[in-house]
Amino acid sequence: MTVRTPRSVSIAGADPGIAPISALPGISPSLVAALARLGLARVQDLWFHLPLRYEDKTSVTAIADLHVGERAQVEGVVEAVERGFRYRPQLKVAIGDASQQTLLLRFFHFNRAQAEQLLPGTRLLCFGEVRHGAQGLEMVHPQYQRLSGDDVVIVDELLSPIYPTTEGLGQKRLAGVISKALALLPPAEQLELIPPRLCAEHGLTSLRDALLYVHRPPPDAHLGQLTLGHHPAQQRLAFEELLTQHLSLKRMRAAVRSRHAPALGGDGSLRQQLLTGLSFELTAAQQRVSAEVARDLAQSKPMLRLVQGDVGSGKTVVAALSALAAVESGYQVALMAPTELLAEQHLHNFRHWLQPLGIEVEWLAGKVSGKARKQALERVAAGASVVIGTHALMQEGVAFAQLGLVIVDEQHRFGVQQRLALRDKGKDGELGPHQLVLTATPIPRTLAMSAYADLDVSSIDELPPGRTPVQTIAISNARRVEVIERIHVACGEGRQVYWVCTLIEESEQLRAQAAEVAHAELSAALAGFKVGLIHGRMKPKEKQLVMDAFKAGELSVLVATTVIEVGVDVPKASLMVIENSERLGLAQLHQLRGRVGRGALASNCVLLYQPPLGQLARERLQVMRETNDGFRIAEKDLELRGPGEVLGTRQTGQLSFRIADLARDAHLLPAVQQVGERMLAEQPQQTERLIERWIGGAARYVHA
Ligand code: ADP
Ligand code: MG
């Protein structure tokens, strides 16, 4: 492989990787702060902050040759500009090129200077995703630069890496600082933590070359191969990441097994009261799993149990029963969820169930601040029985008096390390808390071995009675107008509708924008009905208001990003439209669809797709139409993903890896396990360094 060697800079000390980022030249405090928000603190964190995908700006495409769904670079001259204020300020700029076609650029966020610069006759070079608009092809919020009359367009020589980033930190600045860090990469032998003999035995190529390749793909790099994640450089990094994960799980398991936990037998009184008060009977599966959990809790060694159950199988009440076992025994329970929205739903359910039993439920989310936060923390420290929140629960300063049980919902959103962090909260004294993990993602056995090596598994393999399966159809986006017409009719019948925007983008901001566009479109088309909007950039209060309005039936349609993917429970909603469904993995589609079909109403799901469909996408949509069974879908998912996926696998993977993908890279696992055993036996100290390198930063990384 061709690799460009960076200019070398010397920095004092044997290991430049552990130097703070501020030691790099020309780094401002604001940049350090922005990087810290991504969990990046040391130089090596930058080495291992890997691209999410790549953009190809190495050529210019004629407007006549553009394809919907692809990202392309276009050069053109502004032909017309329109500033609209119909639903919200909007700037529409039509550009044309030598192919005699027109492309519309649409901006929802723009300032005056920007609007004034985009005058007819201006030459522009833009890059963005091509979409279908009401007036033909368009790009929403393209990147663009103005060219003066006689500038010759110079295209990039290399593919541009796109990194995960955060607000206030642009790709350019991020790439710049990563580049400075790469200049400090030590020689190959020094960087390598896997012993050379093992590298040779397993054909592992140089880590240094691999890093340089993925950060700066050389001119002959192939976008398709990189997108699939099949390049040897990516595989080399995936190997090391999987190895690290494996080693850290082994270490963690050993540590946990050596600890003691309080025996939470309880007398069953609170649990009995809860059951008596419920408006339904537990299913046989819920009863069985609750009993398994209760048996573990009564032991004086920590429970590590994963409860998997399909969407809607009723995991929450099982969690509540376990919580009560802890409370009956005088211990505290912490429940954490991956999103604020989901945590709030749990808060609502738990208060509804537990308050009648005289149990207060504390709320501790990232956004609880000031005096409210201080008081909540005091109550937690004083022994409040049940605490619910997001990962803020794990932040420093949260001390529990007697934490007996940690419940983590929807595990696939968390890294294993985050679980570990919360587990440590309880370790004052000798006793560690028990741990219950809830997930709707069934885990095929091959993966469970590796990814969940530290957990025992229970399954809720039965749905509550009276659910009507969701009818699913796939419809081409070319028939979008018809679909919207059907929504109109459905609203008229009093049905409630989710419209899900699924753009896979590197920032919550871009996702939010896509949802805003759909919201404007639907608001205009569905006159007389209220259309709400919810996305990850809204404040928790705003989100809650919108969710409440939707729950109360005040909104007919809820336009949402995949923030609603996990756990949202509005039983009355009976129609869901998923845009760009061809881009999502089966697991995610299934999760999303699980938001409807929760009540007695017959429900429908419309999978809108952008033709032409690839073979894999076609099969996925077919499976979705055929079955509602999460286990069958999971099996099919693994089967389809085996040969490798195109887009979106990293986003839909079960653990938050930087580069590895358990389905795509499952073939690496046997070697990972072998190398792992040998390293633990021969060089345990290297294990620590690997974990620090790959996970040290991630543990500080908080997903938006
Ligand atoms: P999930 O497993 O997806 O988290 P929930 O716990 O949110 O599912 O339950 C989904 C819905 O089913 C909730 O409205 C819940 O109250 C209801 N439910 C749970 N168990 C039963 C049951 N045994 N019978 C009837 N409804 C139930
Ligand atoms: Mg749930």
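In listed order, ligands and their atoms are each counted from 1. Computation of the quantities below employed the complete heavy-atom set of this structure, encompassing side-chain atoms and omitting hydrogens, waters and symmetry-equivalent molecules.
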Test of proximity, [X] against ligand 1: N or O pairs below 3.5 Å:
{"X": "G309", "result": "no"}
{"X": "G312", "result": "yes"}
{"X": "Q286", "result": "yes"}

May I ask whether P571 has any heavy atom positioned less than 4.0 angstrom from an atom of ligand 1?
->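 It does not, in that no heavy atom of P571 comes within the 4.0 Å cut-off of ligand 1.
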
For ligand 1, is Q591 a contact, meaning one of its heavy atoms is under 4.0 Å away?
->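 No, Q591 has no heavy atoms under 4.0 Å from ligand 1.
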
Begin with the C-alpha distance, continue with both residues' side-chain angles, and end with the deciding distance and a verdict on salt bridge (charged side-chain N to carboxylate O under 4.0 Å, His left out) for R467 and D310.
-> CA-CA 13 Å; R467 300 274 165 89; D310 207 348; over 6 Å; no

R271: what forms a salt bridge (Lys or Arg N to Asp or Glu O under 4.0 Å) with it, not counting sequence neighbours?
->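 Applying salt bridge (Lys or Arg N to Asp or Glu O under 4.0 Å) to R271 gives E328.
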
Counting from 1, what ligand 1 atoms have a heavy atom of [X] closer than 4.0 Å?
{"X": "P464", "value": "20 (N), 21 (C), 22 (C), 24 (N), 25 (C), 26 (N), 27 (C)"}
{"X": "T316", "value": "4 (O), 5 (P), 6 (O), 7 (O)"}
{"X": "T283", "value": "23 (N)"}

Under-4.0 Å heavy-atom contact with ligand 1, by part of [X] that carries it:
{"X": "E281", "answer": "backbone"}
{"X": "L282", "answer": "backbone"}
{"X": "Q287", "answer": "neither"}

Using the test side-chain contact (heavy atoms from CB on, under 4.5 Å), find all partners of A515 that sit at least two apart in sequence or belong to another chain.
->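 For A515 the side-chain contact (heavy atoms from CB on, under 4.5 Å) partners, ignoring immediate neighbours, are C501, L533, V559, T561.
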
Chi angles and distances behind the side-chain hydrogen bond (donor to acceptor under 3.5 Å, both in side chains) call for E626, Q622 | CA-CA 6 Å; E626 279 169 13; Q622 180 67 25; 2.7 Å; yes

Which word best sums up how the rings of H346 and F350 line up, parallel for under 30°, tilted for 30 to 60°, or perpendicular for over 60°?
->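 Geometry flag for F350 against H346: perpendicular rings.
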
Option among M576, R495, R593 that satisfies the side chain to side chain contact (heavy atoms under 4.5 Å, CB included) test with N604 =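 For N604, the side chain to side chain contact (heavy atoms under 4.5 Å, CB included) check succeeds only for R495.
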
Taking every non-hydrogen atom, the tightest pair across I578 and C605 |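 Between these two residues, the closest heavy atoms are CD1-SG, 4.1 Å.
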
Distance-only polar pair, side chains of Q544 and D548, donor-acceptor under 3.5 Å |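 Checked: Q544/D548 side chains pair up, N/O donor to acceptor below 3.5 Å.
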
